[in-house]
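Below is one structure, written out as structure tokens; comments come after it.
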Amino acid sequence: MSWKNRVEVLPSRSIVTQRWALLLCVASFCAGMLFTNRMWTVPEPKGLARSTSAESEKLNVVSEGCNSRILQETQDIYKEAFKGHGSLQNLDKTISNLEMELAAARAAQESIRSGAPVPDDIRMSESSGKRKYLMVVGINTAFSSRKRRDSVRATWMPQGEKRKRLEEKGIIMRFVIGHSATSGGILDRAIEAEDRKHGDFLRLNHVEGYLELSAKTKTYFSTAVNLWDADFYVKVDDDVHVNIATLGDTLARHRSKQRVYIGCMKSGPVLSQKGVRYHEPEYWKFGENGNKYFRHATGQLYAISNDLATYISINQNVLHKYANEDVSLGSWFIGLDVEHIDDRRLCCGTPPDCEWKAQAGNICVASFDWSCSGICRSADRMKEVHRRCGEGENVLWSASF
């Protein structure tokens, strides 16, 4: 064979080889499909398998069960959290009350050490550990007010055995007075003689003076809360008419509350002009001229709960005194969580106002003339006011607080 023939045969062999190669590739592909039963399937991540419909339903049931269980557990957690919050609040109140009682006990102990007399009924109350009184009524009086005191004794303040019966019902009543600048002088001796006759005074470690009423108020509450354990401590002026049973019933309604401040709430103008009645020397602290005081109870009669009286006793050395005692008392409670109760029955007018209200069945707690900041000429008119506006003696003795 010549060289030329060899050259012509080579291309035909090359073509046959390519066809067989193509056929082999197709056959291999088909064989692969036959044995693997998969065609261009994206491989799933290792360790995960495609779930069937039944498995999907099972997963859905489990998922719903988990969700409901998690929701229930979350609700339970919130309930427990709210219970815990309430328990913490109750615990905080309990601790606060215990701290105040401890401070009051320490103050009483200091009073005993300093030589202050402690009545037998106070020792009995301390030994039993039980609260004995509903209220202590302190009647603010002065050395020159003997006729006023006698008018009160003759009307709304029980005397002798009746006053002892009143104390058994849970009500303490005392005229409140300090001592003169010259201790042991004629003024003090006159009060001592009057006290020996009636036994209805609470003597304070305080120098009497009109400009010292704020200090006297602070000393009264501090002394009273250390002598008698009561729910409320009342301060009233000796030229005001009071219905004791109605007062007791009014206070008893708030017995379960904490930090209560009860009275006829007002907000009078701050008087910057010197020489006028109720002048406020520290007027600049209340802002511009013409401003009014913060809301506070009028000074003729107001009541505070045991915890507030204890607060005054504990902090008496740092409580600021303004010129007007009712303003001072209101300022001591600013910043505290105190409930102000405005009860207009504590500031009725004299007849015919209180008389009309009594006839309508709305007996007043206290009556006085606003123009005189008390009953005008109270020594002469107290009996008339008592006759026309008094609740009646039987009401007091039949009352149950």
Side-chain angles (χ1 to χ4, degrees), residues 135-159 163 171 173-178 187 190-191 194-195 198 200-204 206 208-217 220-221 224 233-247 250 262-264 266 268 277-278 296-303 323-329 343-355 357-358 363-391:
M135 61 181 178
V136 175
V137 181
I139 307 169
N140 185 45
T141 191
F143 289 113
S144 60
S145 299
R146 174 63 186 265
K147 290 183 178 181
R148 286 186 180 182
R149 290 192 293 273
D150 287 340
S151 69
V152 170
R153 292 184 180 113
T155 53
W156 56 269
M157 182 182 185
Q159 294 296 296
R163 194 176 73 249
I171 299 175
M173 297 181 68
R174 296 289 188 274
F175 287 108
V176 179
I177 195 168
L187 296 177
I191 293 295
E194 189 177 345
D195 192 25
H198 298 284
D200 54 5
F201 279 93
L202 171 61
R203 301 299 302 275
L204 303 179
H206 165 78
E208 284 291 322
Y210 181 77
L211 298 179
E212 298 298 328
L213 286 179
S214 293
K216 183 177 181 178
T217 301
Y220 159 62
F221 284 123
Y233 298 86
V234 181
K235 176 263 175 182
V236 59
D237 290 338
D238 61 4
D239 55 354
V240 173
H241 180 268
V242 180
N243 284 314
I244 295 298
T246 307
L247 174 61
T250 300
I262 306 173
C264 285
K266 66 173 185 176
R277 192 179 186 187
Y278 306 126
H296 62 279
T298 187
Q300 284 80 5
L301 186 149
Y302 47 72
N324 301 301
E325 50 96 7
D326 52 354
V327 173
S328 296
L329 183 70
D343 192 333
R344 310 314 291 182
R345 293 181 304 156
L346 274 65
C347 54
C348 295
T350 55
D353 180 49
C354 60
E355 186 176 20
K357 291 176 180 177
I363 298 177
C364 294
V365 173
S367 302
F368 57 88
D369 297 309
W370 283 102
S371 59
C372 298
S373 297
I375 297 176
C376 298
R377 306 187 316 279
S378 65
D380 300 324
R381 295 182 57 222
M382 186 67 75
K383 288 184 178 180
E384 176 198 356
V385 175
H386 185 67
R387 177 178 58 82
R388 299 173 65 179
C389 300
E391 60 195 355

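Computed over heavy atoms, backbone and side chain alike; hydrogens, waters and symmetry mates excluded. Since the model is a prediction, treat every value here as computed from it, not as a measurement.
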Sidechain-backbone polar pair: Glu391 side chain, Ile244 backbone, donor-acceptor under 3.5 Å: yes
Donor-acceptor contact present, side-chain Tyr220 to main-chain Gly138, <3.5 Å: yes
Neighbour count >12 (heavy atoms, 6.0 Å) for atom CZ, Arg344: yes
Which heavy atom of [X] sits nearest to which heavy atom of [Y], and what is that distance?
{"X": "Ala366", "Y": "Val240", "answer": "CB-CG1, 3.9 Å"}
{"X": "Met157", "Y": "Ile139", "answer": "SD-CD1, 3.8 Å"}
{"X": "Pro351", "Y": "Cys389", "answer": "CG-SG, 3.6 Å"}
{"X": "Phe221", "Y": "Tyr302", "answer": "CZ-CE1, 3.8 Å"}
{"X": "Phe201", "Y": "Arg174", "answer": "O-CD, 3.7 Å"}
{"X": "Lys216", "Y": "Ile177", "answer": "NZ-CA, 3.9 Å"}

Nearest 0.5 Å, what's the [atom1]-[atom2] distance between [X] and [Y]?
{"X": "Asp380", "Y": "Arg148", "atom1": "CG", "atom2": "CZ", "value": "11.0 Å"}
{"X": "Lys357", "Y": "Ile363", "atom1": "NZ", "atom2": "CD1", "value": "13.0 Å"}
{"X": "Asp239", "Y": "Gln300", "atom1": "CG", "atom2": "CD", "value": "7.5 Å"}
{"X": "Cys364", "Y": "Asp353", "atom1": "SG", "atom2": "CG", "value": "6.0 Å"}
{"X": "Ser367", "Y": "Arg388", "atom1": "OG", "atom2": "CZ", "value": "11.0 Å"}
{"X": "Ser151", "Y": "Asp238", "atom1": "OG", "atom2": "CG", "value": "7.5 Å"}

Are side-chain heavy atoms of [X] and [Y] found at a separation under 4.5 Å?
{"X": "Asn243", "Y": "Val365", "result": "no"}
{"X": "Phe175", "Y": "Ile191", "result": "no"}
{"X": "Asp326", "Y": "Tyr278", "result": "no"}
{"X": "Asn140", "Y": "Glu325", "result": "no"}
{"X": "Ser373", "Y": "Phe368", "result": "no"}

Short N-O contact, Asp200 and Arg149, less than 4.0 angstrom: no
SB check Asp150 Lys147 (cutoff 4.0 Å): no
Asp369/Arg381 under side-chain contact (heavy atoms from CB on, under 4.5 Å): CA gap, chis, key distance, verdict: CA-CA 11 Å; Asp369 297 309; Arg381 295 182 57 222; 2.9 Å; yes
For His206, ring pair (Phe, Tyr, Trp, His ring centres under 6.0 Å) partners two or more places apart: none
Test item: side-chain donor near acceptor, Arg345 and Thr250, under 3.5 Å: yes
Aromatic ring pairing His241/His386, orientation class (parallel under 30°, perpendicular over 60°, tilted between): tilted
Criterion disulfide (SG to SG under 2.5 Å) on Cys348 and Cys354, from CA distance to verdict: CA-CA 6 Å; Cys348 295; Cys354 60; over 6 Å; no
Chi angles and distances behind the side-chain contact (heavy atoms from CB on, under 4.5 Å) call for Trp156, Met382: CA-CA 9 Å; Trp156 56 269; Met382 186 67 75; 3.9 Å; yes
